[in-house]
Amino acid sequence: MPELPEVQTIARGLMTELRGRRIMSFELLSSGAVEKGRGAMSPAQMSRYLPGALIRRVWRRGKMLCIDLITKREPLLHMCFHLKMTGRLVVVPAGSEPDRHTRIVFRLNDGRALHFADARKFGYCRVMAPDDLDRWPFYATLGPEPLEIGEDAFLRLFEGRRSQVKSLLLDQHFIAGIGNIYADESLFRAGILPHAQADSVEPQRLRALHSAIHDVLTEAIAANGSSISDYRDAHGDSGAFQNDFRVYGRYGEPCRICQTTLERRTVAGRTSTYCPTCQH
DNA sequence: AGATCTACCTGGTTGC
DNA sequence: TGCAACCAGGTAGATC
């Protein structure tokens, strides 16, 4: 389930593999993989615009991944992907057959191909001109980047918010890129219960949370992300951060700090695991 | 405003 | 072994 560190790892890998290459053809194997919407290119338009497009840059915003293209008709197009839970973007060698979950094939001028696969079909691709990217509601309303926001600005986000802390962390409009895994891990490190009411958490603990989020995300990026089931990077390789989880998915096991049995409850509709002793 | 529920989708796991 | 039930999860949208 790609969150910020996984998307960052994929973007980094794709940047290395794809920059300077050209897309030769676009083949949609599963209708619905191209998201419709105001300003979004239809598959027919993509078939006209993409062949010959030069891949200039691959970047990330929140959990969204974007490939910048230079085409004959448009000086810049943004090809955005949201991988949701099971989406993959993998560069495959020449002659590779798409697997059963591959939804889009982009053939490259060096014989290789970029495959967009998604077992659960929640993910999508969306191609837009720069103006349309800025007008895309999902993109335009994303919250700040957790690795860029300063401590003071981070604390200000919580002012007057009565929601449970974890539901705020999961809200992409509040802060972008954090999902269930890194929310649980950050809250544990900061000693805050996931269901704590935001405006009742002392500033000192919110500072700890700011720092915990930074540390968790940075460590996960260094480990090439976490692989639970479907996640693979641009080379098809797994990440390693799942070996460093302190609470996520460890319900019923002992806390690594105090040995208390970890508990779980549903917060913001998500299974949340925490230590009732270390977090309060 | 905030919490909760539903829809979307299917592979994997659990239970009978 | 076979099959049904259930769970996972990001986001949008509806409802209380």
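First the proteins, then the strands, lettered A, B, ... as listed; each starts at 1.
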Whole-Å distance between [N] [atom2] and [X] [atom1]?
X: A:M64; N: C:dT11; atom1: CE; atom2: C1'; value: 15 Å
X: A:F122; N: C:dA12; atom1: CZ; atom2: C1'; value: 12 Å
X: A:L170; N: B:dG2; atom1: CG; atom2: P; value: 15 Å
X: A:Q197; N: B:dG2; atom1: CD; atom2: P; value: 9 Å
X: A:L169; N: C:dT11; atom1: CG; atom2: P; value: 13 Å
X: A:R265; N: B:dT4; atom1: CZ; atom2: C1'; value: 14 Å
X: A:L4; N: C:dT11; atom1: CG; atom2: P; value: 11 Å
X: A:K36; N: B:dC8; atom1: NZ; atom2: P; value: 15 Å

A:R22 meets the salt bridge (charged side-chain N to carboxylate O under 4.0 Å, His left out) criterion, sequence neighbours left out, with none
Under 4.0 Å between a side-chain N or O of [X] and OP1 or OP2 of [N]?
X: A:Q172; N: C:dT11; value: yes
X: A:T86; N: C:dG9; value: no
X: A:Y248; N: C:dG9; value: yes
X: A:R120; N: C:dG10; value: no
X: A:S167; N: B:dA3; value: yes
X: A:H82; N: C:dG10; value: no
X: A:K84; N: C:dT11; value: no

Using a 6.0 Å cut-off, check whether atom CE of A:M24 has over 12 heavy atoms from anything other than its own residue.
no
Is the count of non-hydrogen atoms from other residues, nucleotides or ligands lying under 6.0 Å from A:R19 atom CZ greater than 12?
no
Return the nearest nucleotide to the side chain of [X]; candidates are [options].
X: A:R100; options: B:dG2, B:dG11, C:dG10; result: B:dG11
X: A:F138; options: C:dA12, B:dG2, C:dG9; result: C:dA12
X: A:N180; options: C:dG9, B:dG11, B:dT4; result: C:dG9

Ring geometry between A:H210 and A:F154 (parallel below 30°, tilted from 30 to 60°, perpendicular above 60°):
tilted
Between A:F106 and A:F26, what is the ring plane arrangement, given parallel below 30°, perpendicular above 60°, and tilted in between?
tilted
Give me the distances for all protein-to-nucleotides 4-6 of chain C N/O pairs that come in under 3.5 Å?
none

Is the shortest distance from a Lys or Arg side-chain nitrogen in A:R61 or A:E145 to a carboxylate oxygen in the other one below 4.0 Å?
yes
N-O pairing of A:D118 and A:K121 below 4.0 Å
no
Taking all non-hydrogen atoms of both residues, which atom of A:R112 and which atom of A:R21 are closest, and how far apart?
NH2-NH1, 2.9 Å
Distance-only donor-acceptor pairs under 3.5 Å for side chains of residues 93-103 of chain A, two or more places apart:
residue: A:S96; atom: OG; partner: A:P93; partner atom: O; Å: 2.8
residue: A:D99; atom: OD1; partner: A:H101; partner atom: N; Å: 2.9
residue: A:D99; atom: OD1; partner: A:T102; partner atom: N; Å: 3.0
residue: A:D99; atom: OD1; partner: A:T102; partner atom: OG1; Å: 2.9
residue: A:T102; atom: OG1; partner: A:D99; partner atom: N; Å: 3.2
residue: A:T102; atom: OG1; partner: A:D99; partner atom: O; Å: 3.4
residue: A:R103; atom: NE; partner: A:S30; partner atom: OG; Å: 3.0
residue: A:R103; atom: NH2; partner: A:S30; partner atom: OG; Å: 2.9

Once you apply a heavy-atom cut-off of 4.0 Å, does A:H195 come out as touching a base, just sugar-phosphate, or nothing?
nothing
I want to confirm an ordering. Mapping A:L168 and A:K121 to their closest nucleotides on DNA chain B, which one lands closer to the 5' end?
A:L168
Quick one: which protein N/O atoms are closer than 3.5 Å to N/O atoms of nucleotides 5-7 of chain B? Pair and distance per line, please.
none

Who else is in the cluster with A:M128 when I, L, V, M, F, W and Y are joined by side-chain contacts under 4.5 Å?
A:W59, A:M64, A:Y124, A:L133, A:W136, A:F138, A:Y139, A:L142
List the atom pairs, donor and acceptor, that lie under 3.5 Å between side-chain atoms in residues 262-271 of chain A and the rest of the protein, sequence neighbours left out.
residue: A:E263; atom: OE1; partner: A:Y274; partner atom: OH; Å: 3.3
residue: A:R265; atom: NH1; partner: A:H195; partner atom: NE2; Å: 3.2

A:R161 (side chain) and B:dA1 (base): donor-acceptor pair under 3.5 Å
no
